[in-house]
Structures are given as structure tokens and as C-alpha cells.
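See structure below.
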Amino acid sequence: MSSWLLLHYKLPNKPSALRVYIWRKLKRFGAVLLHEAVWVLPDLPRTSEQIQWLAAEIEEMGGNAFYWQANSLMSSQEDSIVHQFQEQVDKVYSDLLKRLEKSKPDLQEISQEYQRALSQDFFHSKLGLLVREKLTSKRGE
């Protein structure tokens with residue numbers, strides 16, 4: 001059983017840029033939207049610190065942030081959440097693999113995107129390992 005971090009927040013309606021800013025940050029962290037307003041991340045030291053800082057930012061913006069640590073009591077629910085995290089990162093890895101197959105791929109750009117995806121790969125995707133191997137191979141050519 002894994003431990004999870006949950007974030008529920010509410011921001012003022014105006015300006016909408018605040019909501020977009022928070023949404024983008026959560027996506028950059030690799031968070032998954034569990035339901036309409038509850039975001040989930042695995043409970044790791046890095047993600048815990050990120051969410052704590054984000055909750056503080058939300059409150060500074062005049063909003064409310066509720067931050068919890070939770071455990072799933074049903075393995076099927078936990079499997080579903082893990083699957084959502086894997087789908088999210090595998091989508092990026094699949095795109096990177098396609099780009100690596102092209103003639104003269106931009107290895108620097110692909111490498112940077114790989115590093116961003118890797119920071120969100122909480123469950124060690126097999127596709128991520130494949131991207132790493134192909135990227136290493138292309139660099140050696």
C-alpha cells in the first residue's frame with residue numbers, strides 16, 4: 001500500500017491567470033486530477049515539499065488549500081491511480097521514441113524532455129528505460 005498526497009484548493013474567480021498558474025504547476029509536478037478538484041501525488045520527500053510550497057502560494061493568492069496524506073484502502077483504487085500516473089508519463093515517452101526514430105533528431109531537446117518526464121515517472125515506466133537506451137545509443141552514433 002502506497003501513501004499519497006492530496007491537494008484540494010479554491011482560488012478567487014478573478015484573475016483566471018492564478019488558476020492557470022496553479023494548474024500548470026501541478027501538471028509540471030506530475031500530479032493527477034483524481035476528481036473535479038482533488039489532485040494526487042505519491043508521498044515522496046520531493047513531492048511533499050512541492051505541495052507544501054504550492055499550498056502556501058495558494059493561500060498568499062487569497063485562496064484556500066487543503067493538503068492531506070492518505071492511504072488507499074482498496075488495492076483496485078490504488079492500481080487505478082498508479083495506472084493514471086503511468087499513462088501520463090508513457091504518453092510523453094511514446095512521443096519521444098517516435099522523435100528518436102526520425103533522421104537527425106534534436107537530441108538536446110529530446111534529452112531535456114526526457115529529464116522532465118523522468119521527474120514525473122514515479123513508478124519507473126518500461127518505456128522510460130527504452131527512451132534512455134535509444135537516447136544513449138543515438139548519442140554514441
Side-chain angles (χ1 to χ4, degrees), residues 1-102 104-141:
M1 183 183 326
S2 298
S3 185
W4 302 95
L5 302 174
L6 307 176
L7 176 71
H8 177 271
Y9 68 93
K10 183 169 174 73
L11 285 167
N13 289 336
K14 303 280 180 172
S16 63
L18 297 178
R19 289 191 310 281
V20 172
Y21 170 79
I22 297 299
W23 178 84
R24 285 184 178 154
K25 263 201 157 168
L26 285 163
K27 296 304 276 181
R28 191 170 49 244
F29 295 162
V32 166
L33 184 60
L34 183 60
H35 284 289
E36 291 180 23
V38 178
W39 291 84
V40 180
L41 279 166
D43 186 8
L44 304 169
R46 176 176 49 98
T47 56
S48 180
E49 183 177 352
Q50 289 172 326
I51 293 297
Q52 287 176 34
W53 281 106
L54 188 60
E57 276 188 274
I58 291 167
E59 291 182 0
E60 287 173 6
M61 294 173 177
N64 297 314
F66 301 93
Y67 166 56
W68 297 278
Q69 181 182 42
N71 295 310
S72 174
L73 298 176
M74 296 177 65
S75 63
S76 62
Q77 290 176 338
E78 185 160 322
D79 292 344
S80 174
I81 293 171
V82 168
H83 182 71
Q84 288 179 57
F85 279 101
Q86 289 174 325
E87 276 186 333
Q88 182 172 271
V89 77
D90 281 350
K91 184 178 177 183
V92 176
Y93 287 146
S94 293
D95 178 59
L96 294 176
L97 285 170
K98 287 177 189 170
R99 290 170 51 196
L100 281 166
E101 294 303 318
K102 294 181 179 178
K104 297 185 181 182
D106 184 341
L107 297 180
Q108 182 176 352
E109 181 179 305
I110 292 172
S111 181
Q112 289 172 348
E113 289 182 39
Y114 169 72
Q115 291 300 321
R116 278 193 295 271
L118 188 61
S119 74
Q120 300 175 3
D121 189 359
F122 303 110
F123 301 99
H124 312 291
S125 167
K126 292 177 185 173
L127 279 180
L129 294 173
L130 187 57
V131 170
R132 181 179 176 185
E133 289 170 7
K134 290 204 180 242
L135 191 55
T136 303
S137 171
K138 288 280 186 181
R139 283 185 176 154
E141 291 177 3

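Please read all numbers here as calculations on a predicted model, not as lab measurements.
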* Asked: Does CH2 belonging to W68 count more than 12 external heavy atoms closer than 6.0 Å?
  -> yes
* Kindly give the heavy-atom pair with the smallest separation between N71 and S3, and that separation in Å. => OD1-CA, 3.3 Å
* Structure fact -> Closest non-hydrogen contact found for F85 with G30 is CE2-O, 3.1 Å
* Asked: Any side-chain heavy-atom pair from V89 and L118 closer than 4.5 angstrom?
  -> no
* Taking only residues two or more places apart in sequence, or in another chain, which ones meet D79 in a salt bridge (Lys or Arg N to Asp or Glu O under 4.0 Å)? -> none
* To do: May I ask you to test the Y67-S48 pair for a side-chain heavy-atom distance under 4.5 Å?
  => yes
* Check salt bridge (Lys or Arg N to Asp or Glu O under 4.0 Å) between R28 and all other residues, then give those that pass, not counting sequence neighbours. => none
* Partners meeting side-chain hydrogen bond (donor to acceptor under 3.5 Å, both in side chains) with Q50 (sequence neighbours left out) -> none
* With T47, which residues qualify under side-chain hydrogen bond (donor to acceptor under 3.5 Å, both in side chains), at least two apart? -> none
* Asked: Which pairs pass side chain to side chain donor-acceptor pair (under 3.5 Å) with one or both residues in residues 7-20, sequence neighbours excluded?
  -> none
* Asked: Is there side-chain contact between V32 and I81, with at least one heavy-atom pair below 4.5 Å?
  -> no
* If you round to the nearest 0.5 Å, how far is CG of D106 from CD of Q112? -> 8.0 Å
* Could you tell me which non-hydrogen atom of K27 sits nearest to which non-hydrogen atom of Q120, and how far apart they are? => O-NE2, 3.2 Å
* For A31 and Q88, which heavy atoms make the closest approach, and how far apart are they? -> O-OE1, 3.5 Å
* Asked: Can you find a heavy atom in the side chain of F122 that is under 4.5 Å from one in the side chain of R46?
  -> yes
* **Salt bridge flag under 4.0 Å for residues K91 and D95** => no
* Taking all atoms of both residues into account, what is the closest heavy-atom pair of S72 and W4, and its distance? -> N-CD1, 4.2 Å
* By side-chain hydrogen bond (donor to acceptor under 3.5 Å, both in side chains), which residues pair with E87, not counting sequence neighbours? -> H83
Identify each donor-acceptor pair in which a side-chain atom of residues 33-41 lies under 3.5 Å from a protein atom, sequence neighbours left out, and give them as a table.
none

* Main-chain N/O of S2 paired to E78 side chain as donor or acceptor, under 3.5 Å -> yes
* Asked: For Q115, which residues count as a side-chain hydrogen bond (donor to acceptor under 3.5 Å, both in side chains) partner, sequence neighbours excluded?
  -> none
* Asked: Mind checking what makes side-chain contact (heavy atoms from CB on, under 4.5 Å) contact with S80, not counting sequence neighbours?
  -> Q84
Hey, can you pull the donor-acceptor pairs under 3.5 Å for the side chains in residues 126-137, sequence neighbours left out?
{"unit_1": "K134", "atom_1": "NZ", "unit_2": "E101", "atom_2": "OE2", "d": "3.0"}
{"unit_1": "T136", "atom_1": "OG1", "unit_2": "R132", "atom_2": "O", "d": "2.8"}

* Under the ring-ring contact (aromatic ring centres under 6.0 Å, His included) rule, collect the residues that match up with F29, sequence neighbours excluded. => none
Donor-acceptor pairs under 3.5 angstrom involving side-chain atoms of residues 57-64: please list them, not counting sequence neighbours.
{"unit_1": "E57", "atom_1": "OE1", "unit_2": "K25", "atom_2": "NZ", "d": "2.7"}
{"unit_1": "E57", "atom_1": "OE2", "unit_2": "Y21", "atom_2": "OH", "d": "2.6"}

